[in-house]
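Below: the structure, in structure tokens.
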Number of protein chains: 2
Amino acid sequence: MTDLDVGGKLRAVRQMQGISQRELAKRAGVSNAIISLIEQNRTSPSVGLLKKVLAGVPMSLGDFFAGELTPRRQVFFAADELTEIAGRGGLSYRQVGRDLTGRALQILHERYAPGADTGETLLRHDAEEGAVVIRGRLEVTVGDQRRVLEPGEAYYFDSRLPHRFRNIGEEECEVVSACTPPSF
Amino acid sequence: MTDLDVGGKLRAVRQMQGISQRELAKRAGVSNAIISLIEQNRTSPSVGLLKKVLAGVPMSLGDFFAGELTPRRQVFFAADELTEIAGRGGLSYRQVGRDLTGRALQILHERYAPGADTGETLLRHDAEEGAVVIRGRLEVTVGDQRRVLEPGEAYYFDSRLPHRFRNIGEEECEVVSACTPPSF
DNA sequence: TAGCCATGATCAAGAAAATAGACAACGGCG
DNA sequence: CGCCGTTGTCTATTTTCTTGATCATGGCTA
């Protein structure tokens, strides 16, 4: 956990202005005690209060928190932490990672219930994709090619070719796929 | 008072991710109720809590508050709101405005007690300055020029010239000066 | 040196916020 | 239609913050 240290930052800002806790408190219209407590990180001020305090400097919340870095991106994902992005009609696409903006790769753990189908209207997007079938049987149609893949078999094609997936077996079908870039 | 609308912003960010209050709450490790309350601006979350919530997005506090503008700069100042920047040995320099970084002008309300003196070591800085004497008598030395100014009289010179001020009268001397830029 | 004032820290009491759980509204599906 | 899960909101209780007052410390002045 990145420690936030609002206190240290506030103290730095205040001392940069060369004013006392009491002076800042008076300007901001809050009690002097709270300035002391905040600077010692003995309390976590509400956003509203911090804004009031910073108005006494004056400084915006944006400036105050500038330099806060985005929390480290998640590297490992439990099975139930994958993000469901399809989840209808026997189709489940569970994506590795929540927000893929700025990322180069989309990885999905796909499950097709028996009879599940991505639909007559063939898919197209400007990317490349591939996958390995883990369990069950998956009928894959790409352009004018069609094949039923068994566990251990795989596919890889240019996503601009129209394509379609169907589980034509009696058993659930499980696939792990990758796509790049994630232009959805 | 600029209304902060943390709630609206949080709701926007959450919906941008297409997740529910409960989902965000689970990711952030907080109760779902608090997300609802925050989004309705019915509570003002602590900085720590907001950071936790945003970690579930994920987003940094800096990004969240980016776009918050600095509170309007103070335009009017009561006499006791001027900032004392000298305040020793019968000398009082009271500045208009707290923090002059980024500003082009320093304006001082100066008072010299009888006998007060800016010192033998002559002042120098890279600016220009001028002033009007309001009350009392002030001896001003600039380079090789010296003169005693009476109320209503004034001076203006290049601050790179060595200079010195003294109250040689029996009465307190009051001056309003301006200096540009405020390179102290 | 003693007095005075400013500063920062601390405390008990009151005011808010955070939590867990319950509730009504909505939509999907058999 | 009734069932079920999800959603957002609301309520009672616990937790935390916020305040005004008080304390210890240090600098300045007389």
Side-chain angles (χ1 to χ4, degrees), chain A residues 4-56 80 83-92 94 113-116, chain B residues 4-56 80-81 83-92 94 98 113-116:
Chain A
L4 196 29
D5 196 25
V6 170
K9 217 180 299 188
L10 178 61
R11 174 158 292 179
V13 168
R14 176 177 62 82
Q15 293 181 337
M16 207 68 66
Q17 298 278 330
I19 63 179
S20 69
Q21 292 180 347
R22 285 179 148 84
E23 176 64 19
L24 175 56
K26 194 178 65 177
R27 290 186 192 172
V30 301
S31 77
N32 52 292
I34 201 64
I35 305 285
S36 176
L37 292 174
I38 293 173
E39 291 192 353
Q40 298 172 81
N41 283 320
R42 289 165 90 263
T43 189
S44 175
S46 76
V47 172
L49 181 73
L50 183 60
K51 183 186 169 77
K52 258 171 72 178
V53 169
L54 290 178
D80 63 0
T83 311
E84 182 60 68
I85 61 174
R88 53 176 173 72
L91 261 173
S92 166
R94 303 198 309 138
Chain B
L4 195 32
D5 195 26
V6 170
K9 217 179 300 186
L10 178 60
R11 174 159 291 178
V13 168
R14 176 175 63 82
Q15 293 181 336
M16 206 68 66
Q17 298 279 330
I19 62 180
S20 70
Q21 291 181 347
R22 285 179 149 83
E23 175 64 19
L24 175 57
K26 195 177 64 175
R27 292 185 191 173
V30 301
S31 76
N32 54 292
I34 200 63
I35 304 285
S36 176
L37 292 175
I38 292 173
E39 290 191 354
Q40 297 171 81
N41 284 320
R42 291 169 88 260
T43 187
S44 175
S46 77
V47 172
L49 182 73
L50 182 60
K51 184 186 167 80
K52 257 172 74 178
V53 169
L54 289 178
D80 65 359
E81 288 180 336
T83 310
E84 181 61 68
I85 61 173
R88 54 177 172 70
L91 260 172
S92 165
R94 304 197 309 139
R98 323 278 189 196

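Here is the naming used below: chain letters follow the sequence lines, and residue numbers restart at 1 for every chain.
When the side-chain nitrogen and oxygen atoms of B/T43 are compared with OP1 and OP2 of C/dA16, none of them lie within a distance under 4.0 Å. Contact check, B/R14 against D/dG8: a side-chain N or O comes under 4.0 Å of OP1 or OP2. Between A/S20 and the phosphate of C/dT7, there is a side-chain N or O to OP1/OP2 separation shorter than 4.0 Å. Between A/Q40 and the phosphate of C/dG8, there is no side-chain N or O to OP1/OP2 separation shorter than 4.0 Å. Contact annotation: A/S36 does not reach the phosphate of C/dG8 (side-chain N/O to OP1 or OP2, under 4.0 Å). Side-chain N/O atoms of B/R11 include one lying less than 4.0 angstrom from OP1 or OP2 on D/dT9.
Nearest heavy atom pair, residue A/G48 against residue B/S44, reads N-OG, 3.2 Å. When every heavy atom of A/E39 is checked against every heavy atom of A/Q21, the shortest pair comes out as OE1-NE2, 3.2 Å.
Between C/dC11, C/dG21, D/dT22, one nucleotide has an atom nearer to the side chain of A/A33 than all others, and that is C/dC11.
Residue-to-nucleotide proximity on DNA chain C shows that, of B/R22 and B/S44, the 5′-proximal contact is made by B/S44.
Atom CD of B/Q21 is separated from atom P of D/dG8 by 5 Å (rounded to the nearest Å). Note: CZ (A/R42) to P (C/dA12) measures 12 Å, nearest angstrom. To the nearest angstrom, P of D/dT16 lies 18 Å from CG of A/L49. Atom NZ in A/K52 sits about 17 Å away from atom P in D/dC17, given to the nearest Å. Between A/L37 atom CG and D/dC23 atom P there is a gap of 18 Å when expressed in whole angstrom units. In this entry the distance linking CD1 of A/I34 with P of D/dT18 reads 4 Å, nearest Å. Distance CG (B/L10) to C1' (D/dG8): 14 Å, rounded to an integer number of Å. In this structure, the CD atom of B/E39 is 13 Å from the P atom of D/dT7, given to the nearest Å.
With rounding to the nearest 0.5 angstrom, the CG atom of A/L24 is 11.5 Å from the CZ atom of A/R11. Note that CG of A/N41 and NZ of A/K9 are 10.5 Å apart. Values are rounded to the nearest 0.5 Å.
Of the possible polar contacts, none joining the B/T43 side chain to the B/L37 backbone as a donor-acceptor pair under 3.5 Å is found.
Side chain B/N32 to base D/dT9: a donor-acceptor pair is found below 3.5 Å.
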